[in-house]
Protein chains: 2
Amino acid sequence: MLYYNTHYPAAIIMTLNDLPNQKHNHKQCVSNALAMAEQVCLERGVQLTPIRYQVLELIWESHKAVKAYELLDRIKPLQMAAKPPTIYRALEFLSEQGFIHRVESLNAFIGCRCSNAPHEQLLLICKNCQEVEERTAPKVMQALSEEFNDAEFIVHSKAIEIHGLCSQCAASVATDLSD
Amino acid sequence: MLYYNTHYPAAIIMTLNDLPNQKHNHKQCVSNALAMAEQVCLERGVQLTPIRYQVLELIWESHKAVKAYELLDRIKPLQMAAKPPTIYRALEFLSEQGFIHRVESLNAFIGCRCSNAPHEQLLLICKNCQEVEERTAPKVMQALSEEFNDAEFIVHSKAIEIHGLCSQCAASVATDLSD
DNA sequence: AATTGAATGTTATACTATAACACTCACTAT
DNA sequence: ATAGTGAGTGTTATAGTATAACATTCAATT
Ligand SMILES: [Zn+2]
Ligand SMILES: [Zn+2]
Ligand SMILES: [Zn+2]
Ligand SMILES: [Zn+2]
């Protein structure tokens with residue numbers, strides 16, 4: 001069953017490695033992400049139900065990592081019956097489909113900016129503005145592969161999470177100091 | 001105040017990148033780790049109290065990641081009054097001093113094998129045997145540095161956690177399949 | 001019309017972590 | 001000596017994160 005059959009323009013594959021924290025057209029981020037999710041669900045024959053769609057929309061309200069119980073609070077006006085399992089089930093689905101990533105070190109979630117295809121990524125997590133930037137970092141992934149070969153380790157999944165200051169916040173801290 | 005003044009032999013700096021999951025003298029791992037912790041605490045003028053020492057010992061019972069409440073259960077025979085804060089405080093201390101690492105993706109902890117000096121590391125986490133191997137992976141760290149430069153990101157801390165099968169478990173799975 | 005299965009509703013509970021305040025006791029400064 | 005200080009611990013309570021288990025709904029199939 002289809003809940004959303006409006007025809008979005010073909011999803012433009014967002015270029016990773018352009019900084020989300022810089023000024024950008026965030027409405028475009030969101031509509032791309034939602035359109036892509038709908039498209040992918042159609043292709044896979046899985047259901048992007050209203051709850052799942054709304055949770056994805058809520059996650060995409062910003063590039064900040066968002067917590068499950070925050071999502072729960074924010075979906076309640078739309079889904080009066082929402083309880084923790086409501087959110088966790090939606091998160092599980094969105095995560096399986098690759099539309100979001102879990103940030104292990106924050107117990108939180110972010111929208112994925114390249115969910116049209118499986119991919120490896122690392123996360124740059126700003127302690128100041130809480131925005132998370134996803135990067136494919138092919139050289140890092142290559143070095144990792146070599147490391148796994150050395151260790152004879154068979155990889156199933158990776159969580160590469162870097163905490164610090166994004167370029168914007170680093171710049172404004174520098175400005176503050178020079179004042 | 002000193003709780004432990006027995007003189008251990010000077011802590012031998014354990015070589016990282018020898019696989020913990022392979023057969024090895026684990027008593028040596030433990031005594032090295034405990035001796036190193038005592039030595040470092042002496043040098044830094046911080047207290048390795050009985051509770052902290054016992055928690056570190058419990059964490060070192062194996063190379064598996066261990067959870068806070070498991071530690072709580074296991075320390076209760078020794079510390080009847082132990083409650084969650086008992087464990088979490090000890091974990092905080094041990095973590096600050098670099099004697100253990102938190103495994104973010106498991107909400108668990110492992111003993112650090114090179115706690116005599118600050119260092120970067122990645123963790124190879126086996127889904128089969130739950131052992132965690134710490135590796136310095138200098139090439140990966142170098143590639144990461146370059147990535148951070150590109151992103152103009154200022155790093156404070158890293159969590160690089162890889163889930164999969166360790167060499168031992170991969171080998172035994174292969175054996176199982178060929179049977 | 002009966003069956004199936006995915007999704008959701010509902011209740012309860014498990015698991016993880018910290019806040020806040022009280023108490024102890026070795027150490028220090030008068 | 002003695003009062004004060006501060007780190008560590010004891011204690012109670014609660015906040016925050018996540019899932020188990022079972023009931024219900026409803027569109028799609030038989
Ligand atoms: Zn955006
Ligand atoms: Zn920032
Ligand atoms: Zn060992
Ligand atoms: Zn293993």
Side-chain angles (χ1 to χ4, degrees), chain A residues 1-5 37 41-42 44-56 58-59 65-97 99-110 130 159, chain B residues 1-5 37 41-42 44-56 58-59 65-97 99-110 130 159:
Chain A
M1 186 202 180
L2 253 189
Y3 300 98
Y4 303 98
N5 53 15
C41 284
L42 259 181
R44 294 181 188 163
V46 295
Q47 300 177 51
L48 191 60
T49 62
I51 289 178
R52 290 167 178 178
Y53 186 94
Q54 287 163 1
V55 170
L56 185 56
L58 287 172
I59 289 174
V66 56
K67 305 211 152 217
Y69 279 70
E70 270 176 60
L71 291 169
L72 180 54
D73 289 342
R74 282 154 58 184
I75 209 176
K76 273 179 178 163
L78 305 171
Q79 298 287 341
M80 321 284 241
K83 303 249 163 17
T86 313
I87 296 298
Y88 281 103
R89 285 167 181 159
L91 290 172
E92 186 184 16
F93 172 85
L94 296 170
S95 203
E96 277 170 355
Q97 299 300 323
F99 302 149
I100 64 173
H101 297 299
R102 184 179 155 82
V103 187
E104 299 290 350
S105 51
L106 296 177
N107 297 329
F109 301 84
I110 55 161
Q130 283 79 53
Chain B
M1 185 200 179
L2 253 189
Y3 299 98
Y4 303 98
N5 53 15
C41 285
L42 260 181
R44 293 182 188 163
V46 294
Q47 299 177 51
L48 190 61
T49 62
I51 289 178
R52 291 166 176 179
Y53 186 93
Q54 287 162 3
V55 170
L56 186 56
L58 287 172
I59 288 174
V66 57
K67 305 212 151 216
Y69 279 69
E70 269 175 61
L71 290 169
L72 179 54
D73 289 341
R74 281 154 59 185
I75 210 177
K76 273 178 178 164
L78 305 171
Q79 297 288 340
M80 321 284 240
K83 303 248 162 18
T86 314
I87 295 299
Y88 281 103
R89 285 166 180 160
L91 290 172
E92 185 184 16
F93 172 85
L94 296 170
S95 202
E96 277 170 354
Q97 298 300 324
F99 302 150
I100 64 173
H101 297 301
R102 185 179 153 81
V103 185
E104 300 289 351
S105 51
L106 295 178
N107 297 330
F109 302 84
I110 55 162
Q130 284 79 54

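Note on naming: letters A, B, ... go to the chains in the order of the sequence lines (proteins, then strands), and numbering restarts at 1 for each one.
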Calculate the interatomic distance between [X] atom [atom1] and [N] atom [atom2]; express it in whole Å.
X: B:L72; N: D:dT11; atom1: CG; atom2: C1'; result: 14 Å
X: B:L91; N: D:dG8; atom1: CG; atom2: P; result: 15 Å
X: A:Y53; N: C:dT8; atom1: OH; atom2: P; result: 15 Å
X: B:F93; N: C:dA17; atom1: CZ; atom2: C1'; result: 20 Å
X: A:L71; N: D:dT17; atom1: CG; atom2: P; result: 11 Å
X: B:E70; N: C:dC15; atom1: CD; atom2: P; result: 11 Å
X: A:I75; N: C:dG9; atom1: CD1; atom2: C1'; result: 14 Å
X: A:E104; N: D:dA18; atom1: CD; atom2: P; result: 9 Å

Could you please name the option among [options] that lies closest to any side-chain atom of [X]?
X: B:P85; options: C:dA6, C:dA19, D:dG10; answer: C:dA19
X: B:I51; options: D:dG8, D:dA18, D:dG10; answer: D:dG10
X: B:R52; options: C:dG9, C:dT16, D:dT9; answer: D:dT9
X: B:Y88; options: D:dT9, D:dT17, C:dT16; answer: C:dT16
X: A:K83; options: C:dA17, C:dT18, C:dT11; answer: C:dT11

**Q.** Of B:T86 and A:N107, the one whose closest DNA chain D nucleotide lies more 5'
**A.**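 That would be B:T86.
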[X] [atom1] to [Y] [atom2] distance, which is reported to the nearest 0.5 Å:
X: A:K67; Y: A:I87; atom1: NZ; atom2: CD1; value: 14.5 Å
X: A:I59; Y: A:R74; atom1: CD1; atom2: CZ; value: 9.0 Å
X: B:Y88; Y: B:L72; atom1: OH; atom2: CG; value: 9.0 Å

Would you indicate, yes or no, if [N] has its OP1 or OP2 atom less than 4.0 angstrom from a side-chain nitrogen or oxygen of [X]?
X: A:R102; N: D:dA18; value: yes
X: B:T49; N: D:dT9; value: yes
X: A:Q47; N: C:dA7; value: yes
X: B:K67; N: C:dT16; value: yes

Q) Between B:I51 and B:A90, what is the shortest heavy-atom contact and its length? A) CG2-CB, 4.3 Å
Q. If you look at every heavy atom in A:Q47 and A:R52, which pair is closest and at what distance?
A. O-NH1, 2.7 Å
Q) NA contact type, B:R89, heavy-atom cut-off 4.0 Å: base, sugar-phosphate, or nothing? A) base
